[in-house]
Amino acid sequence: MEFEVISKKYESYLMDESRLSGQGDYIVFPKDTQALSAALRQARELGLSVTIQGGRTGIAGGAVPKGGLIVSLEKMDRILSIETSQEYYGLRVEPGLTRESLLHFLLRAAPPDEWDKEQANMLLEMKNKGRYFFPPNPTEASATLGGMFATNARGMNSFRFGGTAEHISALTWICWDGSAWKIQRGEYVFNDRGLTLPNGKNISLLNRTKPVIAALNAQKGMDLIDFLGGSEGLLGVAAELVLTIRPVPTNGWGVVYFFESPHDALALTQIIQDRYNSTDDKSVLSAWDYYDANVLKLIRDNQKTMPALAEIPEIPQGIQAAIYCEMEGNDEENLEAVLMEHMNCFLETGGREENTWAAGSLTEMERFRILRHGIPELINNEVDKIRQNFRAFHKTAVDFQWPVTCVEDTFTRYHEDLAKSGIKGFIFGHIFENRLHVNFLAHNTEEIKAIQELMMDWAHGLVQKDGIIGAENGIGKIKRDLAVPLCSPERKNHIMRVLEAFGVEKEFI
Amino acid sequence: MKIAVCIKQVPIGISTVMDIEKGVLIRISSDSIMNPWDPYAIETALVAARQTEGRTVAFSMGPLHAEKILREAMAMGINESILLCDSAFAGSDVYATAYTLSCGLKKAGPFDLVLCGQQTTDGDTAQVPYSLAKFLNIPVVGWVKKIEKLDVEGYSVLQEISGGTMRVVGKYPVLLSISKEAAEPRVPTLPNRLKAEKSSVTLWGLKDFENQNPQCYGLKGSPTRVRNIFTPSFDVKHPLIIESVQAEAAMILEGLKLISREVL
């Protein structure tokens, strides 16, 4: 395989959405599994370090190269085949396929020309049954399936559907020496003795050691596919993935609740959590996201200028927080009954009827999803504005997973500490799962230092409670200095042994 | 004051499949939404109703599942909804659609103010408001981009015309076709949404109209046929090779200069 020397035309491949920039010596664009395998084998023979890239939409710097070879998977973007078993369908795809292209395929596209008649008929049969979807929905539409798997990307509905890895039923994994493993879900599962990999090497369980990071967290009962998901390019590359495609529920509701105080939003969340935990029916609620006052102001300030937000009415004045909730199901009456219950709870926390927005179908909900999806873009714009005068700044954010039992502690800590520090920050995201995002803005080195101290202080508290750093966006390069010092010697040793088992020839720590 | 607003359910995305024999579009999408211009007409109706203590009625001509958009209209605040639904209405062109709507409005009316969205995303002719006004024998002001006044005395609106804007002032009755600049549609609240789900939608078919001759409706009542719909193709004669961002910007600038010279 010919590796091209990095030239000016490949400048955009030296950075990702984190706004961190790196350097690379060579770049290659494999077109299929064989080419990818050959490229990795060759890189190993030449002693080149490798950075895998998908859509470069990650915000932790994972795709930013630090010399060596860049392997871009953007040309591996085909939908290879379809398969079916009972209720679900499976789509075998290449890792460079974007979420947007997948959505388009599921909604509108005809079978690819290279598919045979049987495959084409299966696809048409699926489309005739109704709409199907792939549940993980991270905000960036140009994210690739390979990147989503590498970070175990989640999205707004992670509360109900979990991360990307859970929806992969099989994959082809290319190791760093170019060897290929075909892995079916259920075939390799961690037991009391750990797990024996396809190459015969063994990985032990991460027993009573604080995990600190989500990646390489070997637990009993975990499937190898789930172990590989979120490994952020440390252990190899997924060359093909079989996605589990599910039927879209027939009914959906999206509701925005506006609050005059953030603590009212917290109160409603806690009430709904109590009700949710005490019911057997967990099928209806699929998202419960929080937006703080700074996020709402950012949206309000940009509604007239950002075309995507222009379709949404202006956010009411005097509002200090909002919750966006989604519910889906096939039983319309049940959905409406739960909604009435939520409405009553909202009124009990001091909410007012006129401070709600409601969308009564999956299509209408897209309008509210634009709000959610627009937030990272708006924040990126703020980061870019700062970088015009202060190049050292890059996207700086935390996505800590705290224990779900201490939502109030996390919420209060984030709001109070941010207010005390004087740093501008945006708090939003999965409050129901106690996994809020905090995005910071810094205009000088003093502010960067203050942010780092704040993040470290939070991280210490998090690890003491067995929480996870980089639960959603990964560690990448940006959070290494935050996460690594907090890993115990046992944790570091476990990680090194895992890397050895996968034949990784580099210093992780 | 009585205010009518005409809305339509359209497929998501643009249907490019047509039945050549019948000269009609085949709706291949299974998902439908309210025509994106219609919320602006609904909002205008609601504001007018508030200012005149008026009553609003939404009309739609379509299949049974178009009831969904009428409920959305009621969730926004429309008082009453009427669905004109009959197999005899299928395949209507602009003329037949406007005639059918006029039959519904005449039965429920008379209305002082009739509002329509400026155009739809499927047919995209923007002609129904004018035809409807003709059948109702009332004046029409199309391409309304700003409402300056809508009260019991009359109206004052700004209309988009070629090369500028015109102020149109008048008294009722009138039909206004509303552009997206003219209003900011409200989002239904949750209580209103839930209430609308339980509200009834009146259903009228051919048998409810004074004129029950099926030759006047649907495909039979449509004097026009769509001959063909196609996407024009462009032959690329000169593939571009982009060297750098600066070269690309220079090329675009040259292209813009060329276009502006040709236009002027």
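A, B, ... follow the sequence lines: proteins, then strands. Residue 1 opens every chain. Just so it is clear, the values below take in all heavy atoms, side chains as well, and ignore hydrogens, waters and symmetry mates.
Across Pro313(A) and Pro185(B), no two heavy atoms sit closer than the pair CG-O, 3.6 Å.
In this structure, Ser244(B) OG and Lys8(A) NZ are separated by 7.5 Å, a value rounded to the nearest 0.5 Å. Remark: Met343(A) CE to Leu194(B) CG distance equals 8.5 Å, nearest 0.5 Å.
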Test side chain to side chain contact (heavy atoms under 4.5 Å, CB included) on Leu190(B) and Trp253(A) and set out the steps. CA-CA 10 Å; Leu190(B) 180 55; Trp253(A) 282 79; 4.1 Å; yes

Start with the C-alpha distance between Lys304(A) and Glu184(B), add both sets of side-chain angles, then the distance that settles salt bridge (Lys or Arg N to Asp or Glu O under 4.0 Å), and finish with yes or no. CA-CA 11 Å; Lys304(A) 299 273 185 270; Glu184(B) 196 177 293; 3.8 Å; yes

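Heavy-atom distances place both the backbone and the side chain of Glu314(A) under 4.5 Å from chain B. For chain B, no part of Phe346(A) is nearby; none of its heavy atoms comes within less than 4.5 Å. For chain B, no part of Phe258(A) is nearby; none of its heavy atoms comes within less than 4.5 Å. Contact of Pro188(B) with chain A is made through backbone and side chain together, with heavy-atom distances under 4.5 Å.
Taking a 6.0 Å sphere around NZ of Lys149(B), one finds it holds more than 12 heavy atoms contributed by other residues, nucleotides or ligands. Heavy-atom neighbours of Glu100(A) CD from other residues, nucleotides or ligands within 6.0 Å: at or below the threshold of 12.
A side chain to side chain contact (heavy atoms under 4.5 Å, CB included) with Glu364(A) is found for exactly one of Met34(B), Arg193(B), Lys68(B), namely Arg193(B). For the side chain to side chain contact (heavy atoms under 4.5 Å, CB included) with Pro191(B), the qualifying choice from Thr356(A), Leu347(A), Leu339(A) is Thr356(A), the only one to do so.
Each of Glu197(B), Arg186(B), Lys180(B) has some count of heavy-atom pairs under 4.5 Å with chain A, and the biggest count is that of Glu197(B).
In terms of modelled atom types and a separation under 3.5 Å, the side chain of Glu353(A) and the main chain of Thr189(B) share no donor-acceptor contact.
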